[in-house]
**Q** 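I'd like to ask you about the structure that follows.
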Number of protein chains: 2
Amino acid sequence: MSNSLNQIKKNFTEGLSQISRFWGFPKGMGAIFAVLYLSPTALSLDEIVERTGLTKGAVSTEVRTLARMGLVHRSSKLGDRKDYYTAETDFYAAIRSILQERQNSEFDRAVRSVKETLTALEENWVENEEWNFVYERVKALQEFFDAIDSLAKAVIRLESLGLSNVTKILSVLK
Amino acid sequence: MSNSLNQIKKNFTEGLSQISRFWGFPKGMGAIFAVLYLSPTALSLDEIVERTGLTKGAVSTEVRTLARMGLVHRSSKLGDRKDYYTAETDFYAAIRSILQERQNSEFDRAVRSVKETLTALEENWVENEEWNFVYERVKALQEFFDAIDSLAKAVIRLESLGLSNVTKILSVLK
DNA sequence: TATTACGTTTAGTAAATACTAAACATATAT
DNA sequence: ATATATGTTTAGTATTTACTAAACGTAATA
């Protein structure tokens, strides 16, 4: 029965919605990506609305952030003023894109505040045990963040190298 | 002035709170970790309450999940029935612990649903173009998740090797 | 056995977030 | 110029999540 495929698609979409929520994104985002990912053709905004059950407004904004993350692509057909959307299928590229997105934003500001703590400690320096202790700890955290940062940058640089290769490399290390 | 150190600590705590929220954890968790991290001595639950401004209930539950993640450790002093808490300072160990925690939980269940989609497609197979298309896509996603999974497992295996070393290795690759 | 010192659980509240419905903006077609 | 088709923004609502206040459980002490 042909209905079976729709049922399967629905299950898949629900699964991706959950995964989306798990990573701290709205579940609607996962659903939108899922319907695009399973569609052989590019979909218009209204088609996405129809298949996800969300409203135009929600789809409009969420599809934009998906595009900014590089998980979907917006295109247009000649002589048709609708926008059309397709899913990115190169997930490694998408990961790079997401990491790059995160480089800026909230996170960077917060990490910077750790570095500021460090300089504040240096500038108002008082030689005593606790001051030393706090300084060492903050410094260690800052170095950790630096390491994370360079790891992220390294991953970004892996233009053509699939994540699976990285996995192989890591498994050789132990 | 000695007050300055408290001010610096407060800024630091606020920074970690934001970082915590950014990664999808309650900001209170970040605050709790921060005060423990900057304390030279182990702190009791009530001391944490005092320094974070949270209530006992909140600290009680959040300190427990921090402990489960391996980010703090619970200990007790002889002849004192309070529990005492300290921050984990080996962040690489903590990362491993968090990854391990996530192995189970929500995420795994969702990922499994993708695999289920795949078998559902195989079992109800209908030979046509769309069916093939959907199958290929779902399969590609499933392989991607597998890669992520083995990457996580590889990282977990890196007992003694610091993340900073991984960074170096990655930077050599490009 | 009653009291005290703790940690945990629970029931309710406040705050944050995702989403809806509808007004709006803009370009195209009539 | 008016109407139509489209995407966006906005204002409000519903849902979820973090947190509070207080009751509760439990073990140690008196």
Side-chain angles (χ1 to χ4, degrees), chain A residues 13-14 16-36 42-69 71-86 105-106 110, chain B residues 13-14 16-36 42-69 71-86 105-106 110:
Chain A
T13 303
E14 275 158 17
L16 276 204
S17 299
Q18 281 184 254
I19 289 169
S20 176
R21 263 219 344 211
F22 182 80
W23 289 110
F25 303 109
K27 74 175 207 266
M29 259 183 56
I32 292 169
F33 181 82
V35 307
L36 290 174
L43 299 180
S44 70
L45 199 143
D46 278 323
E47 284 168 323
I48 297 172
V49 166
E50 191 193 321
R51 300 190 192 193
T52 56
L54 300 172
T55 59
K56 270 207 308 179
V59 174
S60 171
T61 61
E62 276 164 14
V63 104
R64 196 179 335 144
T65 80
L66 278 167
R68 211 176 47 226
M69 288 183 186
L71 278 167
V72 313
H73 301 290
R74 185 190 303 234
S75 59
S76 42
K77 296 176 183 172
L78 284 151
D80 182 346
R81 57 191 165 102
K82 288 196 201 95
D83 290 344
Y84 286 90
Y85 299 91
T86 54
S105 84
E106 292 294 317
Chain B
T13 303
E14 276 159 16
L16 277 203
S17 299
Q18 280 184 257
I19 289 170
S20 176
R21 265 223 339 217
F22 182 81
W23 290 110
F25 303 109
K27 74 175 207 269
M29 257 184 58
I32 292 169
F33 181 82
V35 307
L36 290 174
L43 298 181
S44 71
L45 199 144
D46 278 324
E47 285 168 323
I48 297 171
V49 166
E50 190 193 320
R51 301 191 190 192
T52 56
L54 300 172
T55 59
K56 271 206 310 179
V59 173
S60 171
T61 60
E62 276 164 16
V63 104
R64 194 178 338 143
T65 80
L66 278 167
R68 211 175 47 226
M69 288 183 186
L71 277 166
V72 313
H73 301 291
R74 185 189 303 233
S75 60
S76 42
K77 297 176 182 171
L78 283 152
D80 182 346
R81 58 193 165 101
K82 288 196 201 97
D83 289 343
Y84 286 90
Y85 299 91
T86 54
S105 84
E106 293 292 317

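Just so it is clear, the model here is predicted, and its values are computed rather than measured. Each chain gets a letter, A, B and so on, in the order the sequences are listed, and its residues count up from 1.
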**Q** To the nearest 0.5 angstrom, please state how far the CD atom of A:E14 sits from the CD1 atom of A:I19.
**A** 12.5 Å
**Q** Would you please name every residue forming a ring-ring contact (aromatic ring centres under 6.0 Å, His included) with B:F33, sequence neighbours left out?
**A** B:Y37
**Q** Going by the rule side-chain contact (heavy atoms from CB on, under 4.5 Å), which residues pair with B:T86 if we only count those two or more places apart in sequence or in a different chain?
**A** B:A42, B:H73
**Q** Quick one: list whatever passes salt bridge (Lys or Arg N to Asp or Glu O under 4.0 Å) with B:R81, sequence neighbours left out.
**A** none
**Q** Applying salt bridge (Lys or Arg N to Asp or Glu O under 4.0 Å), can you list everything that pairs with A:R74, at least two apart in sequence or on another chain?
**A** A:D83
**Q** For nucleotides 14-19 of chain D, which of its nitrogen or oxygen atoms have a protein nitrogen or oxygen under 3.5 Å away, and what is each distance?
**A**
residue: D:dC19; atom: OP1; partner: B:G28; partner atom: N; Å: 3.3
residue: D:dC19; atom: OP2; partner: B:E62; partner atom: OE2; Å: 2.8

**Q** Restricting to nitrogen or oxygen on both sides, can you table the protein-nucleotides 22-25 of chain C pairs closer than 3.5 Å?
**A**
none

**Q** Round to a whole Å and report the spacing from CG of B:D83 to C1' of D:dA27.
**A** 13 Å
**Q** What are the residues of residues 71-80 of chain B, sorted by number, that bring a heavy atom to within less than 4.0 Å of DNA chain C?
**A** B:R74
**Q** Hey, could you give me the NZ/NZ distance between B:K77 and B:K82, rounded to the nearest 0.5 Å?
**A** 8.0 Å
**Q** Compute the angle between the rotation axes at the two ends of the helix from C:dT1-D:dA30 to C:dT30-D:dA1, each taken over five pairs, rounded to 10 degrees.
**A** 10°
**Q** Answer yes or no: is there a side-chain heavy-atom contact under 4.5 Å between A:I32 and A:V63?
**A** yes
**Q** What is the separation between atom CZ on B:F22 and atom P on C:dT17, rounded to the nearest whole Å?
**A** 13 Å
**Q** Taking the side chain as everything from C-beta on, heavy atoms only, tell me whether B:P26 gets closer than 4.5 Å to B:E62.
**A** yes
**Q** Base, sugar-phosphate or nothing for A:T61? Non-hydrogen atoms, less than 4.0 Å.
**A** base
**Q** Mind listing the N/O atom pairs, protein and nucleotides 3-5 of chain D, below 3.5 Å?
**A**
residue: D:dA5; atom: O4'; partner: A:R81; partner atom: NH2; Å: 3.2
residue: D:dA5; atom: N3; partner: A:R81; partner atom: NH1; Å: 3.0

**Q** Who passes side-chain contact (heavy atoms from CB on, under 4.5 Å) against A:S76, sequence neighbours left out?
**A** none
**Q** With heavy-atom distances below 4.5 Å as the criterion, would you say the side chains of B:M29 and B:L66 are in contact?
**A** yes
**Q** List in chain and number order the residues that pass side-chain contact (heavy atoms from CB on, under 4.5 Å) with B:T55, two or more places apart in sequence or in another chain; answer none if no residue qualifies.
**A** B:A58
**Q** Could you give all pairs that pass the salt bridge (charged side-chain N to carboxylate O under 4.0 Å, His left out) test and reach residues 44-60 of chain B, with sequence neighbours left out?
**A** none
**Q** Does the pair B:F25 and B:M69 meet the rule for a side chain to side chain contact (heavy atoms under 4.5 Å, CB included), with working shown?
**A** CA-CA 12 Å; B:F25 303 109; B:M69 288 183 186; 3.2 Å; yes
**Q** Could you please spell out the steps behind the side chain to side chain contact (heavy atoms under 4.5 Å, CB included) verdict for B:I48 and B:L36?
**A** CA-CA 8 Å; B:I48 297 171; B:L36 290 174; 4.0 Å; yes
**Q** Are A:Y85 and A:L43 side-chain neighbours, meaning at least one heavy-atom pair lies under 4.5 Å?
**A** no
**Q** Where is the tightest heavy-atom contact between A:G30 and A:S20, given as atom of each residue plus distance?
**A** N-OG, 3.5 Å
**Q** Between B:L45 (CG) and C:dG7 (C1'), how many Å, whole number?
**A** 7 Å
**Q** Please confirm whether the shortest side-chain N or O distance from B:S60 to OP1 or OP2 of C:dT8 is below 4.0 Å.
**A** yes
**Q** What is the separation between atom CD on B:Q18 and atom C1' on C:dA16, rounded to the nearest whole Å?
**A** 15 Å
